[in-house]
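I have placed the structure first, in the form of structure tokens, so that the comments after it can refer back to it.
For reference, positions follow the sequence shown, starting with 1. Each ligand, and each atom within it, is numbered from 1 in the order the structure gives. None of these values were measured; they are calculated from a predicted model. Side chains are part of it too, since the values below use all heavy atoms of this structure and drop only hydrogens, waters and symmetry mates.
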Amino acid sequence: MTAKIWDVIVVGAGLSGLSAAHLLRKKEANLGILILEGKDRVGGRTLTTDIPAANGVDRWDVGGQWVGSTQTHIMELIKELGLEVYPQFNTGRKVHHMGGPGGKIRTYRTSIPALSPLTLLDLTQLIRKIDKLCATVCVQDPSKTPNATELDSMTLHSYIEKHSWTAELKEEMALSSRSVFGMEPSQMSFLFFLMYAAAAGGLLPLLESSAGSAQEFKVKGGTQQLSERLAERVGLQDVRLGSAVTAIWQEAESARVMTATGTFSCRAVIVTCPPHLAAKIQYHPALPSQREFLTQNMPMGHMLKFIITYQTAFWREKGFSGEIVAGSSTDCPFCVTFDATSPGGNAALVGFIAGQQASQWSSKEEYQLQMVHSGCAGSKGKVTCR
Ligand SMILES: Cc1cc2nc3c(=O)[nH]c(=O)nc-3n(C[C@H](O)[C@H](O)[C@H](O)COP(=O)(O)OP(=O)(O)OC[C@H]3O[C@@H](n4cnc5c(N)ncnc54)[C@H](O)[C@@H]3O)c2cc1C
């Protein structure tokens with residue numbers, strides 16, 4: 001018996017892989033598509049999980065959660081799959097703690113933190129410069145951006161050092177880099193940063209939770225449902241879990257895709273794993289050198305996300321939004337928190353430990369997290385870290 005030849009094999013059942021399969025199916029209903037996923041679940045870096053809460057158990061996203069109205073593809077997909085979004089709660093005062101353990105704790109209501117007048121001037125000119133550069137970026141192919149090589153040879157750190165003057169703004173930008181990318185500014189190509197900000201509509205829309213920004217909405221019931229519903233539409237029988245791809249051999253007419261337990265033939269392969277994992281697959285013939293160079297030089301960010309559930313949203317009662325922004329030079333490990341109260345009314349905060357702090361904190365024991373939790377939050381809650 002000759003082995004089946006699939007039209008397309010998709011490697012990875014995260015949002016990219018399942019969306020690719022779904023789009024192909026919509027174009028051609030009879031395509032034979034096989035999806036091979038290394039984990040025992042779909043969703044990749046989106047994961048929705050049960051957490052004990054005030055009124056029993058509720059569900060929270062411990063991976064990707066926010067979407068924004070300007071992100072038209074994901075918004076259309078959410079609608080198409082019959083899911084709903086709800087706005088990120090951001091009413092009330094926000095808390096800002098930068099400048100080391102002795103630094104002033106300030107509160108503010110606007111989208112821009114309560115900075116000194118000099119730092120505000122510095123920030124205004126930096127936003128203007130970055131947004132001007134964003135307007136020149138080719139988001140689809142950043143290498144087509146004017147001065148791409150020069151911008152790519154700089155890090156976000158070197159750009160900030162050259163174009164901002166106040167220590168306070170430098171710290172703010174480092175915090176933004178950590179909280180969005182899980183990376184220190186010195187670890188990231190400035191061109192990549194510009195491409196990402198340009199795709200979000202500019203620097204402020206990338207960072208904020210207001211209308212039109214990247215943190216505008218969350219998905220009711222969690223974002224993993226997107227992948228679950230996509231997998232159902234593509235056909236669960238053709239989504240093979242626990243099937244990590246180890247090698248892809250391209251031959252004259254077809255390709256062979258190998259896992260620990262089987263070999264599958266197909267006419268085309270779509271690899272959707274993040275670059276550092278795509279680099280672990282053996283390719284024959286070897287991938288073009290530019291692609292190899294990319295996967296070897298594109299590190300992942302490092303981010304720990306935690307969710308703390310509470311009996312009540314006491315911060316709302318006191319006129320706070322739940323948003324805390326804290327510099328890494330304070331003795332607080334997290335860089336940012338937001339209100340994460342569920343649509344069902346279970347009070348929670350979500351926060352991130354990111355960049356260098358995430359490297360240090362990922363090796364801590366649970367009791368050390370509990371100590372920090374009682375020190376930082378100062379109220380009884382349940383901590384869930386991923
Ligand atoms: C904590 C956290 C918070 C985030 N918050 C947000 C947010 O609020 N908003 C937002 O837009 N984005 C957010 N993101 C990013 C977002 O989750 C990701 O960009 C998105 O989920 C990536 O989807 P993907 O399909 O491209 O990759 P992935 O989700 O990584 O999917 C790749 C899949 O490939 C599988 N795989 C890897 N190697 C192999 C192999 N060899 N064989 C078979 N399968 C393999 C993996 O198991 C995985 O399932 C967040 C990410 C994290 C981690």
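- Classification of the F314-Y310 ring pair by plane angle, with boundaries at 30° and 60°, yields perpendicular.
- Residue C273 holds the heavy atom nearest to atom 37 (C) of ligand 1 of all those in A358, G182, C273.
- At a heavy-atom cutoff of 4.0 Å, ligand 1 is contacted by no atom of I74, backbone or side chain.
- With a 4.0 Å cut-off on non-hydrogen atoms, S243 touches ligand 1 through its backbone and not its side chain.
- Cluster membership check: M173 shares its hydrophobic cluster with M154, using side-chain heavy-atom separations under 4.5 Å among Ile, Leu, Val, Met, Phe, Trp and Tyr.
- Side-chain contact, E216 with S69: a donor N or O sits under 3.5 Å from an acceptor N or O.
- Residue contacts with ligand 1 for L18 are absent, since no atom lies close enough (heavy atoms, distance under 4.0 Å).
- Contact annotation: the side chain of F264 approaches that of W6 to within less than 4.5 Å [non-hydrogen atoms, C-beta and beyond].
- With a 4.0 Å cut-off on non-hydrogen atoms, T272 touches ligand 1 through its backbone and not its side chain.
- Annotation: Q71 places no N or O atom under 3.5 Å from an N or O atom of ligand 1; distance criterion only.
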Between Q250 and Y283, is a side-chain contact (heavy atoms from CB on, under 4.5 Å) present by the stated rule, with each step listed? CA-CA 8 Å; Q250 188 172 334; Y283 301 90; over 6 Å; no

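- Residue contacts with ligand 1, taken as heavy atom pairs separated by less than 4.0 Å, involve S16 via backbone and side-chain atoms alike.
- Counting only heavy atoms, the protein never gets under 4.0 Å from atom 15 (C) of ligand 1.
- For the pair L15 and ligand 1, the shortest N or O to N or O distance falls below 3.5 Å.
- Taking all heavy atoms of G64, A200, A244, P274 into account, the minimum distance to atom 4 (C) of ligand 1 is reached by G64.
- Considering both main-chain and side-chain atoms, V245 comes within under 3.5 Å of ligand 1 through a nitrogen or oxygen pair.
- Considering backbone and side-chain atoms together, G38 places an N or O closer than 3.5 Å to an N or O of ligand 1.
- Between W249 and H284, the ring planes are tilted. Angles from 30° to 60° get that label.
- Inspection of the S164 and D122 side chains reveals no N or O donor paired with an N or O acceptor under 3.5 Å.
- The shell of residues lying under 4.0 angstrom from ligand 1, judged by heavy atoms, includes K39.
- Between Y108 and H96, the ring planes lie perpendicular to each other; the angle is over 60°, past the 30° to 60° tilted range.
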If you apply the rule salt bridge (charged side-chain N to carboxylate O under 4.0 Å, His left out), what do you find for R229 with E80, and how did you get there? CA-CA 10 Å; R229 293 193 183 189; E80 183 186 341; over 6 Å; no

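- Residue K305 has no N or O atom closer than 3.5 Å to an N or O atom of ligand 1.
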